[in-house]
Structure formats: structure tokens, C-alpha cells
Number of protein chains: 2
Amino acid sequence: MPLTIKVNEETFTPRQQAVLTAALDLLVENGDGLTMTAVARRASCSKETLYKWFGDRDGLLTATVQWQAAKVRMPQVDRSHLSAKALRLSMEQFARDLLTVIIGDVSVTLNRTAITHAAQEKDRLGLIVLENGPMGIRRRLKPILEAGKDARLLRFANSEDAYRTFFGLVVRDVQIRLLLGDSTLTQSNIEANIEADVKAATDQFFALYGVEATHNRE
Amino acid sequence: MPLTIKVNEETFTPRQQAVLTAALDLLVENGDGLTMTAVARRASCSKETLYKWFGDRDGLLTATVQWQAAKVRMPQVDRSHLSAKALRLSMEQFARDLLTVIIGDVSVTLNRTAITHAAQEKDRLGLIVLENGPMGIRRRLKPILEAGKDARLLRFANSEDAYRTFFGLVVRDVQIRLLLGDSTLTQSNIEANIEADVKAATDQFFALYGVEATHNRE
DNA sequence: TCAGAGGCGTACCGTACGGTACGGTTCGTT
DNA sequence: AACGAACCGTACCGTACGGTACGCCTCTGA
């Protein structure tokens, strides 16, 4: 019994994972370069095997996206014993992880692929990325926000709005510009400012939702 | 590479605009449905004419996106004599227009198309959408922000950050979710909340950058 | 009335790629 | 050793679609 990694009910053998890695590499290297022939050649396997394992091109694509997306795990933040300082650090950590993931080649590629897919009534990939992207973030951030609320460090009517505001403050127009291929946004360019951006976004979030804020949404 | 985007009414004849309309309709109806044959049939013209007018498929796509994107004109806001109330109304108007455009079928389709295109090293469409989307917004919003600053109604170090924060506060995760095909975000669903969202975003923006804000980014 | 331009519709070509078939090879099991 | 399952490599098929060619129609202007 070979070691397998379980991803949402789907298990992949190491060999299969090598294939998925090849597929992902091809995607990142060259967005439309994911032809079955190219994957087979890159992974040194036969097309027949690809079809046997993944059904069809769509299945391979889905498996690739799903497998990779699930690998993006953001560190869980310690929720217990929430001091003001700890909360702030947690939020900053979150912002940093979020930004780092979003500007990565893999994320850009996966989002582009899923969006392309969604443009054809096949929203399967879109839903996967959605679930592992924005929704995943939301799921992890929400308890922290509510812990902050319970600790009287944050004030908001519902955590949904608070999460979405935080998302907006952190991501701003970076993601859409990257997806559209804005050449003025080099990765190194963003990385250089990432700490400043993280701090700014967190400051702004606390200005809006921190208990000491005079202005607060109702 | 001087990417000049100039779409005058004289650039395309009415007949050509009819063709572009057909192409856009096909795009919106069915993202990948833009085949040359389909456009020709829909517009009741010959493929040869399409190639004569637009060069190749890419040219047709570019013309379509360019033509439509340039049609999205947000109202210029009167900048002179800027009262606090006028500024706020301007910002709200901006937020409303921005949200309205972004959740529209056409915008979603165009962004998806451009992103798909950008996934293939051909960032031409991406740049066009970028220019008419985020960058266009930035160009129109910036003078208003600076007028607000001059009138001592807003306070910020540079208008770039202020614009991007506003963008984030307004758009949040709506655009990426729509692009990914999030089925829980129906258009009517968003439209129902659009006024509340607009007000919330504007409130938050003024809380962060208004002169009366106690917390302000440095 | 005629000529030419512009344009429609259709047929056609080439190619890229998804998907299948098959012979040959490796490897595990008995 | 013998057998079979899994798999590799390659050749092959069908189709969809980008792009071209061409015959015919319509409209315009002299």
C-alpha cells in the first residue's frame, strides 16, 4: 500500500502526484500549455494512463487544481488567550500569508485557469478555487475575529462584513491587476512593500473595527 | 510599446459596430462561444469580411473588448467648489458606479476573457481591460481625492494609496468571487444590497481618510 | 447599362489537440 | 519460469476551428 495523500475523498499515489506536479508546472510555465500530450511527455507517462487515471482532460485539470489548492494551508493562529497584541499579530500574519499566496505564480495561474473554466459554464474549478481561496480564508479568519469580539478588542455587527472588509483592505486591486497581467506589478516589486502593506491594512482594519475607533460601522 | 487606446465613433462603422455587438453578445452568452463562424452567422456577414476588417480572431476579440470597455464611462464629478457634502456624494456616486459596473454581465465576461488571454502570454486584452477598468477608475478618482485634500476634507500621504484603499473597500471579494463563478452571489442579490454597501464603504473610507478621523495612516 | 467594389454564403484546407488502440516492456505474484 | 496487470511510447482517428478561396449578389456611380 503506497503512501497516499488524501484530498477531499480523492487519493493520489506518489506517481499520480508526480503527474499532477508536471501538469501544474506546465500550467505555471505556460498557461495554455496543458495539453494531454505535453503532460504525458513531461511526466514520462502515456496518455492512456492519464485517461485511465483522470478520465479526461477536465478530470486531470480538476485533480491538479484541487490537489494544489488544498496544499495551500495557512497557519492556524492560536486563538486562546487573546491579548490585544496577539490579536494584532494574528491579523498581520493573516494579511501577510494572504498577500504572499495571492501574488504567487501558482495562485495566479490557478485563479486564471479556474476563471477561464468558469467562462464556459463549467464552474467546477471555480468552485474549488473559491473554496480553497476566499472561502477558506473566511473560514479561518472568522473565529479569530469573533474571538476578538468576545475579548472586547473588536466591534462589529456581523463577522461576515468584517472579514470582507479585511479582505478588501489587504488585497485591494492587487489580485485583479495580477490576473490581468499588469506588467507594472512585478512580484519582487510587491514583495518589497509587503510588510508595509500588511501593516497599513491591519492599521486600517483596527481603525475601523478596533474598540478604540471612534468611527465604526453599524 | 505605446499602447494607445483610442476608440472614436469614427473608428468603427455602424456595420462594424453591429458585428462587434454580435461578438460581445456571443461572449456574454457563452464565454467560449466566440468562434469566427459563430460571429459571422450571428452578424450575418462572411468570415472573409471579418478577417478583412479585424485581421484575425485576436484582432476581432481585441476590437470587441476595446470598443465595449471604452463605452463604460463613469460620470465625471464636478470638482470645483467642493463642499464636504459634495465630496461625500461624489465618492458615493463613484462607489455605486464602480460596483454596478463590476457586477454586470459584460464586465464579468470581459474580465474573464482578458484574464484567459493573459494566461497565454498575450496580455494585450488584459492591458486594455486594465486601462479601462482599475486604471481608468484611478485616473478619474485621483483628482477628486486631491481636490478633497486641497479642501482640507481628506488627509493622506499619497493619493495612490487612498485610491487603492477605496477600491478595496468597495470591491472587497465581490469581483473575484464573480469571476470564479460563485453561485451564491446572484446579481439581484448584490443589487439589493448595493446601496448599503456603497454607504458602508464610503463611511469606512471617510473614517480612514476624513479630516475628522482620529486614526489616520501616516 | 455596364463596371467595379464591397460584401454574403459556402466550401474547403491545415492543423492542433482530445481521445483511442496497440505492441512492447517492466514488475509483482504464484 | 510463467502469467498477467500496469504502464510506456507511438501511431492513429475524428473533430473543431482558424484561416482562405471563390462564386454570386447588390449597390453605386458614370
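In what follows, every chain begins at residue 1, and chains take the letters A, B, ... in the order their sequences are listed.
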Nearest to the side chain of [X], heavy atoms from C-beta on, is which of [options]?
{"X": "A/K52", "options": "C/dG18, C/dC22, D/dA6", "answer": "D/dA6"}
{"X": "B/D56", "options": "D/dG19, C/dG7, D/dC7", "answer": "D/dG19"}
{"X": "A/S46", "options": "D/dC7, D/dG9, D/dC17", "answer": "D/dG9"}
{"X": "A/Y51", "options": "D/dC17, D/dG19, C/dT20", "answer": "C/dT20"}
{"X": "B/K47", "options": "C/dC8, D/dC8, D/dG19", "answer": "D/dG19"}
{"X": "B/S44", "options": "C/dG9, D/dG19, D/dC8", "answer": "C/dG9"}

Contact nearer the 5' end of DNA chain D, comparing A/T49 with B/G55: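 Of the two residues, A/T49 wins.
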Pair A/E92 + A/R88: basic N to acidic O under 4.0 Å: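 Looking at A/E92 and A/R88, the cut-off is met.
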SB check A/D197 A/R172 (cutoff 4.0 Å):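 The answer is yes: the pair qualifies as a salt bridge.
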Round to a whole Å and report the spacing from [atom1] of [X] to [atom2] of [N].
{"X": "B/L60", "N": "D/dG19", "atom1": "CG", "atom2": "C1'", "value": "13 Å"}
{"X": "B/D58", "N": "D/dC17", "atom1": "CG", "atom2": "P", "value": "17 Å"}
{"X": "B/L61", "N": "D/dG19", "atom1": "CG", "atom2": "P", "value": "11 Å"}
{"X": "A/M36", "N": "D/dC8", "atom1": "CE", "atom2": "C1'", "value": "15 Å"}
{"X": "A/F54", "N": "D/dC7", "atom1": "CZ", "atom2": "P", "value": "11 Å"}
{"X": "B/L50", "N": "D/dG19", "atom1": "CG", "atom2": "P", "value": "11 Å"}
{"X": "A/R41", "N": "C/dA16", "atom1": "CZ", "atom2": "C1'", "value": "13 Å"}

Comparing A/L34 and A/E48 on DNA chain C - which has the more 5′ nearest nucleotide: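 Closer to the 5' end of DNA chain C: A/L34.
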Report yes if a side-chain nitrogen or oxygen of [X] is closer than 4.0 Å to either non-bridging phosphate oxygen (OP1 or OP2) of [N]; otherwise report no.
{"X": "A/R15", "N": "D/dC8", "answer": "yes"}
{"X": "A/W53", "N": "D/dA6", "answer": "no"}
{"X": "B/T35", "N": "D/dC17", "answer": "no"}

State, yes or no, whether a side-chain contact exists between B/I190 and B/L178 at a heavy-atom distance under 4.5 Å.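 SC-SC contact between B/I190 and B/L178 confirmed.
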Near B/K199 NZ, under 6.0 Å, is it more than 12 heavy atoms from other residues, nucleotides or ligands?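 Result for NZ/B/K199: open.
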Closest approach of A/F167 and A/L98, non-hydrogen atoms and distance?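 Where A/F167 meets A/L98 most closely, the heavy atoms are CD1-CD2, 4.3 Å.
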